[in-house]
Amino acid sequence: RRWGGASELGGAELLGIGLKNFGGQIVGLVRGLPRIVKTLSRQSQVMRAVMPGLPSLRGKQGAEGKKDGVPRTPFNVSVTNARVWARAKLPLADVKRVSKSLGCSVNDVLFAVTGAALRRYLMDGNELPDRSLVAMMPVSTREAGDTDMSNKVSMAPVRLHTELGDPLAQLLAIAADTRSIKTTLSQDRGGIPTDLPVIGMPWLMSGMIDLVGRLNLAESMPLMGNLVISNFVAATTPMYLCGARIESFSPVLILMHGQALGLAMQTYFDTIEIGATGCRRAMPDVDEIVDNMVAAFADLDRAAAAYMPLAPVDGALALAKSR
């Protein structure tokens with residue numbers, strides 16, 4: 001039989017193609033194993049060197065008897081299948097103005113706004129940890145010139161410096177961390193494979209996720225991060241659907257056990273759209289998070305305007321810390 005101009009493949013042929021692809025993935029993974037191990041080892045060492053305060057996933061006891069792992073918060077629990085969602089907007093021009101005046105990126109500003117918002121939210125409930133919250137930041141691993149139609153993304157931990165109450169100190173500390181992380185990861189693009197064997201993986205992953213939820217393992221397992229924060233550009237010009245201009249659309253994140261809160265931000269034309277997704281049981285008040293983000297940006301905007309005429313970026317950090 002014919003379909004779409006090509007011969008329709010039977011079940012045996014499809015199985016053969018799948019097994020051949022699986023074998024190729026295994027061979028490629030084995031061949032690249034030395035490079036993978038070397039890349040991961042180098043990234044770990046460099047990240048520790050440029051970010052000595054980065055929490056350890058093992059949560060070992062430090063010299064003062066305090067754990068150095070990622071701190072737990074009310075939203076680091078197992079999740080249900082019910083969701084709540086809230087949204088907010090920030091003017092892109094204002095965010096760019098603040099980032100330019102302080103010599104950092106738009107992404108840095110958004111991370112600082114998120115850190116300040118979470119700090120305020122946790123302080124209101126008297127649940128702010130002494131150690132900084134850690135966000136998982138998606139980072140592209142695509143090499144220059146790579147136009148493959150595939151996702152090539154890794155995750156990097158970023159401290160939100162929620163231990164700092166000054167908006168300028170918080171932003172500049174985050175900017176220093178993200179610059180170091182991006183420099184480190186850019187040196188190893190292509191060192192971590194994305195074409196991995198996947199036969200049986202959907203069933204395996206589904207079973208593992210279900211087990212983690214049933215046994216509430218998220219409450220006892222080490223945390224990789226407190227939440228995922230994603231920021232990307234959706235469109236730089238207005239978009240239309242059937243001739244009607246799209247005025248707004250906001251992002252939604254998938255949650256996982258141990259992270260009952262996720263924040264996604266996307267740039268659409270002249271606006272940064274914010275979408276906060278939460279587990280309804282653990283985070284029924286995600287609207288407070290986005291409200292805090294709007295208020296935190298206003299605080300940062302005022303702080304930037306007040307301090308930048310007095311000192312350059314390096315001096316602004318010292319001045320902010322001395323407050």
Just verifying a value: how many Å separate [X] [atom1] and [Y] [atom2], rounded to the nearest 0.5 Å?
{"X": "Leu261", "Y": "Thr73", "atom1": "CG", "atom2": "OG1", "result": "8.0 Å"}
{"X": "Leu128", "Y": "Leu118", "atom1": "CG", "atom2": "CG", "result": "9.5 Å"}
{"X": "Thr277", "Y": "Leu253", "atom1": "OG1", "atom2": "CG", "result": "5.5 Å"}

* To do: Give the C-alpha distance, both sets of side-chain angles, the deciding distance and a yes or no for side chain to side chain contact (heavy atoms under 4.5 Å, CB included) between Met137 and Asn107.
  => CA-CA 10 Å; Met137 176 180 67; Asn107 193 64; 3.6 Å; yes
For [X] and [Y], work out which heavy atoms get closest and say how close.
{"X": "Ala260", "Y": "Met283", "value": "O-CG, 3.8 Å"}
{"X": "Leu255", "Y": "Gly262", "value": "CD2-N, 3.5 Å"}
{"X": "Ala112", "Y": "Gln170", "value": "O-OE1, 3.6 Å"}

Check whether [X] reaches the backbone of [Y] with its side chain - one donor and one acceptor, N or O, closer than 3.5 Å.
{"X": "Arg302", "Y": "Ala306", "value": "no"}
{"X": "Trp85", "Y": "Val286", "value": "no"}
{"X": "Asn226", "Y": "Leu133", "value": "no"}

* Please check if any side-chain donor atom of Ser248 sits under 3.5 Å from a side-chain acceptor atom of Glu273, or the reverse. => yes
* Between Ser105 and Arg179, does any side-chain donor sit less than 3.5 Å from a side-chain acceptor? -> no
* Would you mind reporting whether Tyr268 and Ile246 have side-chain heavy atoms less than 4.5 Å apart? => yes
* Asked: With a 4.5 Å heavy-atom cut-off, do Arg97 and Asp301 have their side chains touching?
  -> yes
* Verdict with supporting geometry, Met265 and Ile229, side chain to side chain contact (heavy atoms under 4.5 Å, CB included) -> CA-CA 8 Å; Met265 290 161 276; Ile229 301 178; 3.4 Å; yes
* **By ring-ring contact (aromatic ring centres under 6.0 Å, His included) - contacts of Phe232 (at least two apart)** => none
* Asked: Got a salt bridge between Arg119 and Asp124, using NZ or NE/NH1/NH2 to carboxylate O under 4.0 Å?
  -> no
* Is it the case that more than 12 heavy atoms not belonging to Arg280 sit under 6.0 Å from its CZ atom? -> no
